[in-house]
Amino acid sequence: SLNRWELMEKKWEDKVSSHCWFVSIYSLLIAKKINWKGDMGELMSYAALHDLGETATGDFCNVAKVIIDKSAENNYVSRMLGDRMPSLLPYVHEPRHPEVRNIVKAADLLDSTIFCAKEAAFGNGAMRKREPLCRAALYEQWFKLPAAGAVLQEVWERDVRPSLELHFDSAAYDIDS
């Protein structure tokens, strides 16, 4: 599995495969917390495969993701899967429903924010500076989720914010640092 955060100094490894797994879990939990009634199959397949192109290219930083030609990445993934398992192709590209993209994006940012907080908890100053940027992007994306604003605010305050704060405490990891 390929490493994430290659351009950043880090104390812990973060792999593309584990990131996709956590994004899938977070997507499912977010959908349940906000009582989303959409297509769970589409949500889970998009979450699991959202960074499939990075299995060939390695991790892209957010700046690169903005300027990269998505069609080139999609063509590569289509060729790769077409050779291995063509029946997966319909599940790889952009989801049919924008709500799915919004949930997965929030889950993606949640995973990145948690990683930054964990790194900061163990003394990584560069990630401590990056975490507020990740958290701000997550907060902005959170309120694009398909639920009423009051529900989103309640889940943020009750579940998300406390969890993020917990990750800043190295003692919460119950390991020797």
Side-chain angles (χ1 to χ4, degrees), residues 1-8 10 12-119 127 130 133-135 137-147 152 155 159-160 163-164 167:
S1 180
L2 297 167
N3 288 325
R4 290 174 37 85
W5 302 95
E6 281 298 308
L7 299 177
M8 300 290 289
K10 56 193 177 306
W12 299 89
E13 285 191 346
D14 190 21
K15 303 286 189 179
V16 172
S17 57
S18 63
H19 165 70
C20 288
W21 186 83
F22 277 109
V23 168
S24 298
I25 297 303
Y26 297 149
S27 293
L28 176 64
L29 294 174
I30 289 168
K32 289 185 177 293
K33 289 282 184 182
I34 65 171
N35 202 25
W36 184 65
K37 301 292 185 200
D39 184 341
M40 282 295 192
E42 182 182 16
L43 176 68
M44 296 311 298
S45 62
Y46 184 65
L49 301 173
H50 80 281
D51 277 344
L52 186 61
E54 292 183 14
T55 62
T57 61
D59 187 36
F60 284 123
C61 65
N62 286 341
V63 174
K65 286 182 179 183
V66 170
I67 61 173
I68 194 165
D69 179 6
K70 268 308 253 187
S71 64
E73 180 183 350
N74 289 341
N75 287 339
Y76 166 78
V77 170
S78 294
R79 283 193 317 275
M80 180 181 69
L81 280 180
D83 290 344
R84 294 178 181 199
M85 194 166 198
S87 62
L88 285 179
L89 285 174
Y91 301 101
V92 174
H93 301 300
E94 290 298 307
R96 293 185 320 262
H97 301 99
E99 293 178 348
V100 168
R101 186 180 314 102
N102 285 337
I103 293 170
V104 171
K105 182 65 177 173
D108 191 17
L109 290 165
L110 177 60
D111 188 57
S112 294
T113 305
I114 288 171
F115 184 76
C116 288
K118 177 182 177 182
E119 284 283 319
M127 289 294 204
R130 177 118 179 100
L133 301 173
C134 289
R135 187 184 295 231
L138 170 59
Y139 189 79
E140 180 181 338
Q141 183 64 35
W142 187 262
F143 288 94
K144 294 178 182 176
L145 290 173
L152 296 174
V155 174
D159 299 317
V160 179
S163 294
L164 293 175
H167 284 283

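Just the heavy atoms: all of them, side chains too, but no hydrogens, waters or symmetry mates, feed the values below.
Distance alone, capped at 3.5 Å, places no donor-acceptor pair between the His167 side chain and the Leu164 backbone.
Nearest approach of Ile103 to Ile30, heavy atoms of both residues: CG2-CG2, 4.1 Å. For the pair Val100 and Pro95, the tightest heavy-atom approach, listed with the atom from each and the gap, is CG1-CB, 3.6 Å. In terms of heavy-atom proximity, Leu28 sits nearest to Met44 at CB-SD, 3.8 Å. Between Leu138 and Ala106, the shortest heavy-atom distance links the atoms CD1-O, 3.4 Å.
Under the side-chain contact (heavy atoms from CB on, under 4.5 Å) criterion, Ala137 pairs with Leu109, sequence neighbours left out. Annotation: side-chain contact (heavy atoms from CB on, under 4.5 Å) contacts of Ile25 (sequence neighbours excluded): Trp21, Leu29. Residues passing the ring pair (Phe, Tyr, Trp, His ring centres under 6.0 Å) test with Trp142, sequence neighbours excluded: Trp156. For Arg96, the side-chain contact (heavy atoms from CB on, under 4.5 Å) partners are Asp39, Glu42, not counting sequence neighbours. For Phe143, the ring pair (Phe, Tyr, Trp, His ring centres under 6.0 Å) partners at least two apart in sequence or on another chain are Tyr139.
Here CZ of Arg130 is found 8.0 Å from OG of Ser112. Values are rounded to the nearest 0.5 Å. Remark: Thr113 OG1 to Gln141 CD distance equals 11.0 Å, nearest 0.5 Å. In this structure, NZ on Lys105 lies 12.5 Å from CG on Leu110, to the nearest 0.5 angstrom. How far CG of Leu43 is from CZ of Arg101: 12.5 Å, rounded to the nearest 0.5 Å. Note that the CG atom of Leu145 and the CG atom of Leu152 stand 5.5 Å from one another [nearest 0.5 Å].
Residue pairs meeting the side-chain hydrogen bond (donor to acceptor under 3.5 Å, both in side chains) criterion with at least one partner in residues 22-34, sequence neighbours excluded, are Lys33-Asp159.
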